[in-house]
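Take a look at the structure set out below.
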Amino acid sequence: MTPLDLGPATATLRDLVTSVSDDQLTLPTPCPAYSVGDLVDHVGGLALAFTEAARKSPAPGSEQGGSGDASRLEDGWRERIASDLGQLADAWRDPAAYDGMTAAGGLDLPGDVAAAVALNEVVVHGWDLATALGRPFAASDTDVAACLAFARPFSTPEAAAERGPAFGPVLPVPDGATPLVELLALLGRRA
């Protein structure tokens, strides 16, 4: 697999995270169980978990998955999460990150699959956060294509049992939909 460049997607998400004001933490998001604060906490956790997955060094507590809980956001969380997202992109620039097996969220994954999951998390949760904040969102064609390659195989009726609860049910893809709208529909989001 050609290494993925998570830099552009993490930069977009960093900008969104650092723009969240305290009074926006309770806003709803497209993730029904998450407020903005919960989603931001989840982003912070996934940044750590997938950085350590790239390094083949599981983060303490990462085996429990990436639940989000706004009450865990400490003073300085904006800067911490922004830094952690930068480290996430840097970690996946190392070709060794794609070799062999790793683990994230309690799952053992091939390195290249973990990279695809990480990019998908960053892109889709970037859209979730932008939508919740009423901000525009853009992802590169390259990033969306990589996310679609990851999402399509487990978005068929035959793969329904493998989807688990991580995503909403697959929604119909509108005729003429952009690739980003298709990705969001496959992951249970209505753009």
Side-chain angles (χ1 to χ4, degrees), residues 1-22 24-25 29 31 34-70 72-100 102-105 107 109-133 135-147 150 166 180 183 187:
M1 169 181 200
T2 303
L4 299 171
D5 181 5
L6 277 67
T10 57
T12 297
L13 188 50
R14 276 195 322 261
D15 289 346
L16 287 163
V17 166
T18 59
S19 77
V20 174
S21 64
D22 289 345
Q24 292 174 314
L25 292 172
T29 72
C31 305
Y34 280 178
S35 67
V36 165
D38 297 333
L39 179 60
V40 167
D41 179 63
H42 173 70
V43 166
L46 76 86
L48 291 175
F50 283 99
T51 296
E52 295 308 314
R55 296 175 179 156
K56 311 288 194 284
S57 173
S62 66
E63 66 279 352
Q64 297 160 359
S67 64
D69 181 352
R72 294 189 295 226
L73 295 174
E74 78 289 356
D75 289 340
W77 59 265
R78 291 171 187 85
E79 295 77 18
R80 175 186 54 81
I81 294 172
S83 174
D84 290 345
L85 286 165
Q87 290 179 43
L88 172 65
D90 289 343
W92 287 103
R93 288 185 179 110
D94 181 354
Y98 297 82
D99 295 337
T102 191
L107 299 173
L109 305 164
D112 61 338
V113 172
V117 173
L119 179 62
N120 189 71
E121 289 276 318
V122 169
V123 169
V124 174
H125 287 318
W127 179 85
D128 291 336
L129 187 53
T131 300
L133 298 175
R135 303 250 325 255
F137 179 79
S140 75
D141 293 344
T142 301
D143 287 351
V144 173
C147 292
F150 165 74
L180 178 60
L183 173 66
L187 300 178

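In this chain, residues are counted from 1 in sequence order. Just so it is clear, the values below take in all heavy atoms, side chains as well, and ignore hydrogens, waters and symmetry mates.
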What are the two closest non-hydrogen atoms of [X] and [Y], and how far apart are they?
| X | Y | value |
| --- | --- | --- |
| W92 | A114 | CH2-CB, 3.8 Å |
| L73 | I81 | CD2-CD1, 4.3 Å |
| G111 | T102 | CA-CG2, 4.2 Å |
| A9 | D143 | CB-OD2, 3.6 Å |
| A70 | D41 | N-CB, 4.4 Å |
| A91 | R55 | CB-NE, 4.4 Å |

(request) Go through the steps for V17 and R14 under the test side chain to side chain contact (heavy atoms under 4.5 Å, CB included), then give the verdict. (result) CA-CA 5 Å; V17 166; R14 276 195 322 261; 5.8 Å; no
Hey, are the side chains of [X] and [Y] touching, using non-hydrogen atoms and a 4.5 Å cut-off?
| X | Y | result |
| --- | --- | --- |
| L85 | L6 | no |
| S19 | L133 | yes |
| R93 | P3 | no |
| F50 | V122 | no |
| L183 | V123 | yes |
| H42 | C31 | no |
| V20 | L25 | yes |
| T29 | L129 | no |

Mind checking the [atom1]-[atom2] spacing from [X] to [Y]? Nearest 0.5 Å is all I need.
| X | Y | atom1 | atom2 | answer |
| --- | --- | --- | --- | --- |
| L13 | W127 | CG | CH2 | 14.0 Å |
| L119 | T142 | CG | OG1 | 10.0 Å |
| T10 | L88 | OG1 | CG | 6.5 Å |
| Y34 | D128 | OH | CG | 10.5 Å |

Looking at residues at least two apart in the chain, or sitting in another chain, which of them share a side chain to side chain donor-acceptor pair (under 3.5 Å) with [X]?
| X | answer |
| --- | --- |
| D15 | none |
| S35 | D38 |
| D22 | R78 |

With distance as the sole test, does [X] use its side chain to make a donor-acceptor pair with the main-chain N or O of [Y] at under 3.5 Å?
| X | Y | answer |
| --- | --- | --- |
| E52 | A49 | no |
| S57 | A53 | no |
| K56 | A96 | yes |
| S83 | E79 | no |
| Y98 | A115 | no |

(request) Go through F137 and T131 one step at a time and tell me if the side chain to side chain contact (heavy atoms under 4.5 Å, CB included) criterion holds. (result) CA-CA 8 Å; F137 179 79; T131 300; 5.9 Å; no
